Protein chains: 2
Amino acid sequence: MIGRRDRTARPERRAVPKRVDHDLRRRQIGEALLRIASTRGLQAASMREVAAEAGVSLRLVQYYFHTKTELLLGALAYLGEQLSARVEAHIRALGLPPTPRSLVYGTLTAILPTDAESRRLTRTYAAYYALVLAEPALAADHGTTYPDALERFLAGHLRTAQAAGQVDPGLDAPTAAAGLLALTNGLGSSVLGGQRDGDAALAILTYHLDRLFGHQPGSGEAADSARSAAGDLTH
Amino acid sequence: MIGRRDRTARPERRAVPKRVDHDLRRRQIGEALLRIASTRGLQAASMREVAAEAGVSLRLVQYYFHTKTELLLGALAYLGEQLSARVEAHIRALGLPPTPRSLVYGTLTAILPTDAESRRLTRTYAAYYALVLAEPALAADHGTTYPDALERFLAGHLRTAQAAGQVDPGLDAPTAAAGLLALTNGLGSSVLGGQRDGDAALAILTYHLDRLFGHQPGSGEAADSARSAAGDLTH
DNA sequence: CTCTTGATGATACGGTCGTACCATCAAAAT
DNA sequence: ATTTTGATGGTACGACCGTATCATCAAGAG
């Protein structure tokens, strides 16, 4: 209503106005924060530290993120993108055609801290989790929608596996899916806490998946192929 | 060697010297920190805030805990005491004689945030967990010995249940115990994160325990009794 | 009764935090 | 050519942090 900027629609007219790419700069700064959060925690991620990590001045961090809350939320959005991108890539790397078991397995192993990248992602996620616990106003809803979607995704493929006779049809799929996700998250916490290493956690997760999917005759072979697939993920 | 204080053993000679009970004051201050950590996070637990919460002056906090690290570690020790005390009381409240299932069930439900006290404990534990992730020097070893002991405790009773025919003898007890603990921790995280409430998490945990323990004939009755026991815990 | 000493109060110091303000410079608009 | 404006640098401000220092008061020792 006010201004009517769209009267003369120039081709150069963009949301990012003139000189530099704002989205790019924001991403550069936001990922600098994520890098600090993954190694030294969010407490160490002051605006000055983020500026130094990103190689820009403090003023620039303020320029692209007017306040610290905005910076934290922006970086959290980037973290969510990285996490879901990893899950997708991880599933795709398990080969075609995707079986229900490989989809469940790929999803859960993607969020288990077994390599450097997943450790970085889960560590950063844990840092944000603690921050949200202390300051619930930051959460908005990013904290519940994504795990809920993951659970529905897992439950759907568990049901498919039940229909294919690969999983006990007496199983309650949503409850089992929630349990698998909680199991994986709990295992991840134990890895980050130093209680065991990523391989041990992966072995425990694989064991439980074998018990779930090894319900039809010939389950031994299925367990073996799953275990070799687990080996492929580590290198 | 130097001083030889034990030469004249006076009856009043104590580690807490003259006037006030140092252990009591330390506990009072340490639990004030835990109270702040459970509600506003450890970031909000500055020495001044702890002093105000404990109703003492800043100087006193410094007097009984020479440095902030000492305060954090001391309060962490109190938290560990509270946690293990709750686990023991929770198991004892499940009635005698303790069955393997009630021991496993009581242990896991004790650390699941279903009521106000367990929520407080797990929230505080989560705050410390994030702090240790960012500052591993604080951990010493408190982070790994306690979960390891819990896992061994659970695995032992799973083996007993196997010997009694209540659990599938083909189950690998240590792996299943680690899985149960990770499942419970993961469920707890989802409760604290607001994804579901304590009752929903308890239902998921009970479902998995029923699948584990419901292996002998007459499993339906066992599942029913377990579910009623779960109901008893909530009030 | 004096003196030592444990326990406590008040306050100061250097540092870091998030934020705000002012100046500059170059590209775009006119 | 001049003006405007997006983008950036430098720096200051007030608040809070952990820690240190100085002072005081009361109880037990001699």
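Here the structure is a predicted model, which is why all the values come from computation and not from measurement.
As a whole-Å value, the separation of A/Leu60 CG from C/dA23 P is 19 Å. Between the P atom of D/dC17 and the CG atom of B/Leu33 lies a distance of 13 Å, rounded to the nearest Å. Atoms CZ (A/Phe65) and P (C/dC17) sit 18 Å apart, rounded to a whole Å. C/dC17 atom C1' lies 13 Å from atom CG of A/Leu72, rounded to whole Å. Rounded to a whole Å, the CG atom of B/Leu42 is 14 Å from the P atom of D/dC17. The distance between atom NE2 of A/His22 and atom C1' of D/dT5, rounded to the nearest whole Å, is 12 Å. Rounded to an integer number of Å, the gap from A/Asp21 CG to C/dA27 C1' is 17 Å. Here the C1' atom of nucleotide C/dG9 and the CZ atom of B/Arg25 are 13 Å apart, to the nearest Å.
If you check the side chains of A/Asp148 and A/Thr145, you find no donor sitting under 3.5 Å from an acceptor. Using modelled atom types and a 3.5 Å distance limit, the side chains of B/Arg59 and B/Gln62 yield no donor-acceptor pair. A donor atom on one side chain and an acceptor atom on the other are found under 3.5 Å apart for B/Glu151 and A/Gln195.
Closest non-hydrogen pair, A/Ala54 versus A/Ile29, comes out as CB-CA, 4.1 Å.
The existence of a salt bridge linking B/Glu31 and B/Arg35 is excluded, since no basic side-chain nitrogen approaches an acidic carboxylate oxygen closer than 4.0 Å. Of the charged side-chain nitrogens involved, none lies within less than 4.0 Å of a carboxylate oxygen, so that A/Glu135 and B/Arg40 do not count as a salt-bridged pair.
Using a 4.0 Å cut-off, some side-chain N or O of A/Ser46 falls inside it from OP1 or OP2 of C/dC17.
Note on residues 122-132 of chain B: no pairs pass side-chain hydrogen bond (donor to acceptor under 3.5 Å, both in side chains), not counting sequence neighbours.
Among the atoms of the strands shown, only primed sugar atoms or phosphate atoms (P, OP1, OP2) are found under 4.0 Å from some heavy atom of A/Tyr64.
With D/dT8, D/dG9, C/dT8 as the choices, the nucleotide that has an atom nearest any side-chain atom of A/Tyr63 turns out to be D/dT8.
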Report each atom pair, protein N/O against N/O of nucleotides 19-21 of chain C, whose distance is under 3.5 angstrom.
| unit_1 | atom_1 | unit_2 | atom_2 | d |
| --- | --- | --- | --- | --- |
| C/dT19 | OP1 | A/Thr67 | OG1 | 2.8 |
| C/dT19 | OP2 | A/Thr67 | OG1 | 3.4 |
| C/dT19 | OP2 | A/Lys68 | N | 2.8 |
| C/dA20 | N7 | A/Gln62 | NE2 | 3.0 |
| C/dA20 | N6 | A/Gln62 | OE1 | 3.0 |
| C/dC21 | N4 | A/Arg59 | NE | 3.1 |

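Between the axis at the start and the axis at the end of the helix from C/dC1-D/dG30 to C/dT30-D/dA1 there is an angle of 10°, using five pairs per end and rounding to 10 degrees.
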